[in-house]
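One-based numbering, in listed order, for ligands and for the atoms of each.
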Amino acid sequence: MELSAEIKREMYWMMLLARRVDERAWVLHRQGKIAFHISGIGHEAAQVGAAFALRRGYDWVTPYYRDLALMTALGYSPTDFMLSLMGKAAEPSSGGRQMPSHWSLRTANAVSHSAPVATQTIHASGIGLAIKLRKEDKVVLTTIGEGSTSQGEWYEGVNWAAVHRLPVIFIVQNNQYAISVPPEMQMAVPSSADKACGLGLPGEMVDGTDVFAVFAAVSKAVERARKGEGPSLIETRMYRITPHSSDDDDRTYRTREEVEENKKRDPLLMARTLLEKEGLLTIAQIDEMEAKAKQMVDEAVKAAEAAPYPAPEDAAFPVYAEEVRRG
Ligand SMILES: Cc1ncc(C[n+]2csc(CCOP(=O)(O)OP(=O)(O)O)c2C)c(N)n1
Ligand SMILES: [Mg+2]
């Protein structure tokens with residue numbers, strides 16, 4: 001599908017907004033205002049490219065913790081994220097009772113994952129089976145890190161979807177590390193996409209720093225899934241620019257030179273360069289977007305700081321079933 005200039009700018013805006021929200025989270029952590037942050041910096045192109053290939057709010061998504069840009073593109077606002085970082089009651093994923101970045105958003109059919117990595121793969125295939133049984137034309141997009149594709153649940157979930165030709169798109173965000181462990185120490189193939197041939201579904205590797213390349217690859221997989229032709233596996237390759245989380249000191253296992261070298265392929269920079277070259281983005285437009293993002297982030301922090309914590313008696317309520325949570 002050919003993208004209009006407006007949609008391309010919208011994609012850039014989503015990447016930029018997610019980046020500025022993410023950067024503020026690091027600042028809040030260093031100020032001692034929040035306890036934990038797990039960052040999506042470097043992952044924005046893969047996530048926004050994937051989100052735009054969906055019918056957002058119609059299709060289903062089972063994301064993982066690094067998906068701030070994906071969730072932003074699905075409608076999870078900067079205020080929602082700040083509320084979640086501060087554990088406040090109005091936060092949509094869990095009413096402030098789950099760790100931050102354990103997303104769910106009912107308006108986006110995005111379902112919360114558990115802390116054990118790869119369990120969301122099973123949820124995705126389960127939802128895929130429900131879609132097939134109901135004869136709907138929806139698809140499920142699920143995301144994961146490359147390290148977590150060594151986990152049993154991942155194989156089980158992908159295998160099930162392949163056997164039953166379920167409408168699932170499995171995205172692997174290969175950021176070169178699973179905390180401190182590089183891919184070659186946890187898989188014997190060069191790419192998670194290579195695992196597809198043993199499971200019986202198409203596998204493809206795509207440049208995860210190129211938002212438009214990811215969009216094209218995921219769109220193709222979505223089309224296949226919607227037509228009933230089954231699941232696809234796509235590895236998007238990028239680099240985790242930040243430490244694993246705010247609790248990690250990455251100086252113990254990688255050099256500063258390596259990180260700096262990889263920043264040259266910062267997806268935000270790549271998208272900006274491309275759009276400027278195509279004449280689709282001017283300096284004035286970028287300045288306007290930056291000012292808008294700053295204002296949104298400032299307001300989000302203020303709103304979250306002023307918001308109340310959940311009531312103690314809410315602790316036992318479910319995180320997704322709205323009628324039970326509220327009722
Ligand atoms: C089953 C399980 N084992 C270990 C962990 C601890 N853990 C959390 S994130 C993570 C690394 C995952 O790396 P990867 O899948 O590459 O994703 P990334 O964080 O790089 O995006 C680990 C080992 C966990 N949450 N669940
Ligand atoms: Mg990883």
At what distance is the nearest protein heavy atom to atom 15 (O) of ligand 1, and which residue and atom is it? S148 OG, 2.6 Å

Any N or O on A115 sitting closer than 3.5 Å to an N or O of ligand 1? yes

Heteroatom N/O/S of Q176 within less than 2.8 Å of the Mg ion (ligand 2): no

Salt bridge present between E260 and K263 (N-O < 4.0 angstrom): yes

Please name the atom of E146, restricted to N, O or S, that is closest to the Mg ion (ligand 2). OE1

Rounding to 10°, state the angle centred on the Mg ion (ligand 2) that links OD1 in N175 with O in Y177. 80°

Could you see which bit of H244 sits under 4.0 Å from ligand 1, with heavy atoms only: side chain, backbone, both or neither? side chain

Any N or O on H43 sitting closer than 3.5 Å to an N or O of ligand 1? no

Any nitrogen or oxygen of E146, side chain or backbone, less than 3.5 Å from one on ligand 1? yes

side-chain contact (heavy atoms from CB on, under 4.5 Å) evaluation trace for I144 with V117: CA-CA 8 Å; I144 197 164; V117 296; 5.8 Å; no

If you measure every N or O of P116 against every N or O of ligand 1, does any of those distances drop under 3.5 Å? no

Identity and distance of the protein heavy atom lying nearest atom 7 (N) of ligand 1: I179 CD1, 4.1 Å

Salt-bridge present (D298, K294; N to O < 4.0 Å): yes

Shortest reach to atom 12 (C) of ligand 1 by a heavy atom, considering only Y177, Y64, Y65: Y65

Are any of the N/O atoms on N175, whether in the backbone or the side chain, positioned under 3.5 angstrom from an N/O atom of ligand 1? yes

Does some non-hydrogen atom of the protein lie less than 4.0 angstrom from atom 4 (C) of ligand 1? no

Would you check whether Q151 has a nitrogen or oxygen atom less than 3.5 angstrom from a nitrogen or oxygen atom of ligand 1? no

